[in-house]
Every structure is written in C-alpha cells, then in structure tokens.
Amino acid sequence: MLTIAIIRQERDQLVEDYKRRNLDVAELLDQVLELDELRRATQKDLDGLLAQSNEISKKIGELFKSGQHEEGNALRKESAGDKDAIAALKDQMNATEEQITQVLYQIPNRPHSSVPQGKSDEDNEEINRHGDIPSLYAGAVPHWDLASKYNLIDFELGVKITGAGFPVYRGKGARLQRALINFFLDEARDAGYEEFIPPHLVNQASGIGTGQLPDKEGQMYHAVADDLYLIPTAEVPLTNIFRDVILRKEDFPIKLCGYTPCFRREAGSYGKDVRGLNRLHQFDKVEIVQLQHPELSYSTLDQMVAHVQGLLKKLNLPYRTLRLCGGDLGFAAALTFDLEVFSAAQKRWLEVSSVSNFETFQTNRLKCRFKNKEGKTELAHSLNGSALALPRILAALLENNQFEGGIRIPEVLVPYCGFDTIEG
RNA sequence: GGAGACGUGGCAGAGUGGUCGAAUGCGGCGGUCUUGAAAACCGUUGUACCGCGAGGUACCGGGGGUUCGAAUCCCUCCGUCUCCGCCA
C-alpha cells in the first residue's frame with residue numbers, strides 16, 4: 001500500500017510510473033489527496049473541540065475537589081453541548097479514513113524504475129539463460145504419462161478424494177517430493193535462512209498484511225466457519241511474523257524460510273496449461289523471505305535470485321531468468337524476477353519461482369518498521385521468493401531425465417531420496 | 001464444550017472515576033567515576049496523527065456504552081491462564 005506521504009510528495013511522478021503497469025492512477029491519487037485534506041481539516045476541528053472539552057472537564061474536577069459544587073454543576077451543564085459536535089466529527093474522521101484505506105487498497109505497488117513497459121508475459125525481459133536443453137529419445141513423453149507409467153502420481157485418485165488439482169503422490173513420487181523439500185530447506189539454511197513451520201491457515205489481518213486481501217479474496221480458500229484462510233504461499237504467515245513490529249537496524253537482514261503446502265483456488269484459470277502438474281490447487285513450496293533496510297533491498301533481491309538459480313544449477317535444470325514487465329507484475333511487487341525451467345517433453349518453459357521486492361508495500365500494511373539513524377521509525381522493505389515450488393520442478397525433472405528404461409535422479413537428490421533411478 | 005480468573009509501556013508490576021501516557025523495579029541509551037570494565041550515581045527512554053512552531057489529540061487486548069470526565073464502571077468480541085470434560 002502506498003503511503004499518503006509519497007502520494008503528497010510525488011503525485012505526478014507516480015502517475016508517470018504507473019503507466020508502465022498500463023494503469024492511469026491520476027484519479028485515484030487525487031481522490032486520496034482530496035480525502036486526506038478533508039481528514040486533516042476534520043482532525044484539526046476535532047482536536048480543538050476535544051482540547052476544549054478536556055479543559056472544562058479538568059476544571060470541573062478541580063471545582064468538585066475543592067468543594068465548589070455549585071460552580072461545578074453549572075459547568076457540567078454548559079459543557080454538555082459539545083458532545084454532538086464531537087461525535088459527528090469523530091464519525092467523519094472514521095469514515096474518511098476508511099475511504100482513504102479503500103482507495104489505497106485498489107492501487108498496486110509502484111513499479112521499480114527498471115520494470116519495462118509491457119502488456120503481458122510476452123513482454124517480459126529475458127535476462128539470461130543457463131544450461132543445455134536436453135534432446136530426449138524418440139519415445140519421450142510428458143510428465144503426466146511418466147507419472148502413471150511409473151506409478152508416481154495418481155491424479156484420478158486425487159479427484160476421487162478431493163477434486164481436480166489435488167494430486168496424490170505415491171511411492172517414489174512421494175519420496176521424491178519429500179527429498180526436494182528437504183534439499184531446498186537445507187540449501188536455504190546453508191544460505192543463512194532460519195527455518196520456520198508456520199500455520200497453514202491465517203486470519204484476515206494476515207491476508208491484508210501481505211496484500212492477498214482484499215485484492216485477491218477469491219483466490220484463497222476460505223474456512224468460513226472460523227473465518228480463516230488457507231495460505232496460498234508461506235509468504236503470508238512468514239511475513240506476518242513482522243506485523244506491528246519495530247525492528248532495530250542491526251536486525252537486518254532478517255532471513256526466514258519455510259516449507260508449506262500452498263492452496264490456491266485458481267479461479268478463472270481454465271483449459272490449457274493446467275494438465276498434470278502444471279497448475280494445481282494444492283502444491284508444495286519452500287519459500288524464502290527477507291526483511292531488509294531500504295538501501296540494501298535491491299542487492300538482496302539479486303542475492304535471492306542467485307540463490308534460486310543456484311538450486312536450479314544443482315538440479316541440472318536448464319533455466320532462464322525474466323524481469324517481469326509492468327503488465328505481468330504482481331499487485332504487491334515493485335520488481336519481480338521469474339525463473340523458468342525448460343520442460344523438454346512439453347517443449348515449453350515453466351515458471352518455477354518468482355522473486356520479488358515489495359519495498360514498503362507490504363510493510364506499510366503490516367506496520368513493520370525500524371529505527372533509522374535519526375531515531376525515527378521508517379518502513380522496512382520486504383522480499384520473498386519461491387525456492388522452490390515443487391510441481392513444475394518435478395515435471396521438468398521427470399521429463400528431462402527420462403530414458404528408455406526409466407528416469408534418472410539428479411545426483412544432489414540421491415542422498416535425499418535413497419534411490420538414483422526410477423524404473424518400471 | 002462447561003466453570004472461574006485475568007488482559008496496563010521492551011519485560012515485570014502498581015494503579016478501581018478527575019492533576020494518569022500512566023508509580024516502581026529491570027532492561028536500553030547518554031553521561032560522571034575508572035588505565036579499561038563492573039559497581040555506584042545522574043539524566044534519558046512508547047506509538048501514531050495534526051501543527052511552521054509553541055503546542056494539541058488519540059491509544060492501558062478490539063469494538064461499543066454510561067459520564068462534564070474512563071486504564072478504572074457496564075455490554076460485547078478476541079485472547080491467555082486454572083480446573084473439569086473430550087481428544088492426536
């Protein structure tokens with residue numbers, strides 16, 4: 001969420017910047033400014049009335065204390081009149097603040113200066129590629145065929161138990177999942193991230209804190225009876241650890257990681273690209289999160305991208321790095337790098353990680369601040385990235401490493417799996 | 001789920017209608033002393049908003065109410081603890 005201070009100071013520049021998101025925010029910003037004027041004027045009036053009322057109350061107290069009851073009672077009657085005016089101004093204050101919040105909720109994060117103009121994922125900027133795309137043998141098949149051929153994943157069984165998008169992993173498929181989770185967590189720990197196991201359901205305040213609510217209400221599973229939401233990513237509980245927290249600048253950088261299942265309704269997605277593991281309602285992911293000093297957050301972003309690239313290198317998966325254009329950038333992000341691996345049997349790139357700097361967008365909602373050099377509180381920067389999401393990694397691993405007699409397991413995973421080949 | 005107790009500043013813990021944004025202790029920060037450190041002593045130490053400033057306003061779990069005035073009384077929600085029940 002943008003701060004009102006920024007809108008007041010940089011209104012014109014903001015309008016310019018949001019054009020790269022293909023958004024015209026002029027009207028929204030002006031609404032905020034107008035409401036803010038009203039709010040300040042109202043507070044001025046309200047504070048004045050309250051000050052008066054406080055003073056009279058104090059006087060009455062003193063009169064009664066010194067035994068001057070008649071004078072006290074006279075004053076009491078006199079002061080009763082302001083109550084309605086005070087109540088009316090309070091109502092107006094609250095209503096105006098609420099309106100400001102509602103407008104601010106509609107405005108996505110300001111794109112970083114390096115974010116290219118663009119409409120869709122086709123305009124994303126490819127930054128680099130790494131690894132050779134394997135040439136598969138003639139009988140190579142996509143991962144959904146491999147999954148059933150080697151009895152690794154049962155999609156139909158998931159449909160029976162729950163519904164589409166909830167696969168059942170079994171046997172070596174299940175063990176491979178667990179191996180990947182442990183591998184990713186160990187790598188994160190080696191990189192200095194503290195491991196957490198957070199709750200998988202969160203309250204509304206947490207959803208608002210990281211930006212899922214109210215913007216993406218329909219994308220989360222909602223347990224209505226208890227008004228809790230199933231997390232779409234570990235980012236939500238992990239980042240919300242720092243809601244309403246004032247850090248010391250020595251605390252930076254704060255590095256956390258955690259494995260959780262992720263639940264996404266994927267409302268509105270349909271048809272192609274949803275086959276097999278490509279798009280699921282429940283999937284596993286290891287997430288890395290950092291809170292950082294504003295001056296350092298972009299070098300931190302680069303480090304996080306490098307960490308994810310390191311994972312892909314160790315898994316020997318060909319990947320490319322994209323800088324998302326304004327049109328593809330998420331609501332809360334200022335800058336995002338996507339990592340995609342090449343799925344050799346589907347012959348296409350699959351997004352496996354999204355690493356973002358949210359600058360103060362989340363921390364403003366979270367009220368996560370630190371004491372700066374001048375001793376003043378200042379909003380921290382928050383960042384996160386998938387390191388990594390499992391399903392598409394698994395898809396690419398199965399497809400890229402298949403041979404006539406089975407599937408080879410990448411060397412780094414063998415100690416985690418306890419097997420080096422999947423065969424019929 | 002039932003019964004009871006409680007929710008105050010970084011922590012501990014006073015405060016039951018007025019001068020309380022809140023005693024005191026601990027912790028933190030600055031200083032004196034010291035070769036240095038510790039101890040001792042002195043000072044300082046919540047957050048947000050409005051205002052050029054002086055200063056003002058709000059906040060004692062959240063929300064609402066009573067009152068001229070609420071940390072204090074009432075209602076409600078949330079949470080914690082103890083006992084009972086149930087249970088991995």
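All values reported here derive from a predicted model rather than from experimental measurement. Reminder, nothing fancy here: chain letters follow the sequence lines and each chain counts from 1.
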Once each nucleotide of nucleotides 43-48 of chain B is scored for protein heavy atoms under 4.0 Å, what B/S/- sequence comes out, 5' to 3'?
----SS

Going 5' to 3' through nucleotides 56-63 of chain B, assign each nucleotide B (protein heavy atom under 4.0 Å from a base atom), S (under 4.0 Å only from sugar-phosphate atoms) or - (no protein heavy atom that close).
BSS-----

Starting at [atom1] of [X] and ending at [atom2] of [N], how long is that distance when rounded to a whole Å?
{"X": "A:Leu63", "N": "B:G69", "atom1": "CG", "atom2": "C1'", "result": "13 Å"}
{"X": "A:Ile86", "N": "B:C68", "atom1": "CD1", "atom2": "P", "result": "12 Å"}
{"X": "A:Ile60", "N": "B:G18", "atom1": "CD1", "atom2": "C1'", "result": "10 Å"}
{"X": "A:Ile100", "N": "B:C49", "atom1": "CD1", "atom2": "P", "result": "12 Å"}
{"X": "A:Glu62", "N": "B:G18", "atom1": "CD", "atom2": "P", "result": "13 Å"}
{"X": "A:Leu247", "N": "B:G10", "atom1": "CG", "atom2": "C1'", "result": "13 Å"}

Who is the Watson-Crick or G-U wobble partner of [N], with both distances under 3.5 Å?
{"N": "B:A23", "answer": "none"}
{"N": "B:A71", "answer": "none"}
{"N": "B:A58", "answer": "B:U47"}
{"N": "B:G79", "answer": "B:C6"}
{"N": "B:C41", "answer": "B:G31"}

Exceeds 12 heavy-atom contacts within 6.0 angstrom, atom CD of A:Glu55
no

For A:Tyr193, which of A:Gln290, A:Lys255, A:His307 qualifies under side-chain hydrogen bond (donor to acceptor under 3.5 Å, both in side chains)?
A:Gln290

Review item, side-chain donor-acceptor pairs of residues 411-424 of chain A, under 3.5 Å, at least two apart:
{"from": "A:Tyr416", "atom 1": "OH", "to": "A:Asp186", "atom 2": "OD2", "distance (Å)": "2.7"}

Respond yes when some side-chain nitrogen or oxygen of A:Arg39 is under 4.0 Å from OP1 or OP2 of B:C49, and no when none is.
no

Check whether any side-chain nitrogen or oxygen of A:Arg40 sits under 4.0 Å from OP1 or OP2 of B:C49, and answer yes or no.
no

Sticking with atom [atom1], work out how far [N] lies from [M], rounded to a whole angstrom.
{"N": "B:U80", "M": "B:G56", "atom1": "C1'", "answer": "37 Å"}
{"N": "B:C29", "M": "B:U35", "atom1": "C1'", "answer": "25 Å"}
{"N": "B:A71", "M": "B:U16", "atom1": "P", "answer": "13 Å"}
{"N": "B:C26", "M": "B:C52", "atom1": "P", "answer": "42 Å"}
{"N": "B:A12", "M": "B:G27", "atom1": "C1'", "answer": "10 Å"}
{"N": "B:C73", "M": "B:U19", "atom1": "P", "answer": "16 Å"}
{"N": "B:G64", "M": "B:A14", "atom1": "C1'", "answer": "28 Å"}
{"N": "B:A39", "M": "B:A22", "atom1": "C1'", "answer": "31 Å"}

May I ask you to test the A:Arg264-A:Thr233 pair for a side-chain heavy-atom distance under 4.5 Å?
yes

A:Asn203 and A:Leu228, any side-chain heavy atoms less than 4.5 Å apart
yes

Ion pair check, A:Arg110 and A:Glu359, cut-off under 4.0 Å:
no

Mapping A:Lys58 and A:Asn94 to their closest nucleotides on RNA chain B, which lands nearer the 5' end?
A:Lys58

Please confirm whether A:Phe64 and A:His69 have ring centers closer than 6.0 angstrom.
yes

Taking distance alone, no hydrogens or angles, what donor-acceptor pairs closer than 3.5 Å link side-chain atoms of residues 21-28 of chain A to residues at least two apart or in another chain?
{"from": "A:Arg21", "atom 1": "NE", "to": "A:Asn109", "atom 2": "O", "distance (Å)": "2.8"}
{"from": "A:Arg21", "atom 1": "NH1", "to": "A:Leu329", "atom 2": "O", "distance (Å)": "3.2"}
{"from": "A:Arg21", "atom 1": "NH1", "to": "A:Gly330", "atom 2": "O", "distance (Å)": "3.2"}
{"from": "A:Arg21", "atom 1": "NH2", "to": "A:Asn109", "atom 2": "O", "distance (Å)": "3.1"}
{"from": "A:Arg21", "atom 1": "NH2", "to": "A:Gly330", "atom 2": "O", "distance (Å)": "2.9"}
{"from": "A:Arg21", "atom 1": "NH2", "to": "A:Ala333", "atom 2": "O", "distance (Å)": "2.8"}
{"from": "A:Asn22", "atom 1": "OD1", "to": "A:Gln117", "atom 2": "NE2", "distance (Å)": "2.7"}
{"from": "A:Asn22", "atom 1": "ND2", "to": "A:Gly118", "atom 2": "O", "distance (Å)": "2.8"}
{"from": "A:Asp24", "atom 1": "OD1", "to": "A:Ala26", "atom 2": "N", "distance (Å)": "3.1"}

Contact list for residues 161-185 of chain A, test side chain to side chain donor-acceptor pair (under 3.5 Å), sequence neighbours left out:
A:Gln177-A:Asp284

Under the salt bridge (Lys or Arg N to Asp or Glu O under 4.0 Å) test, residues paired with A:Lys313 that sit two or more places apart:
none

Contact summary for A:Ala380 and A:Thr363, nearest pair of heavy atoms
O-OG1, 2.7 Å

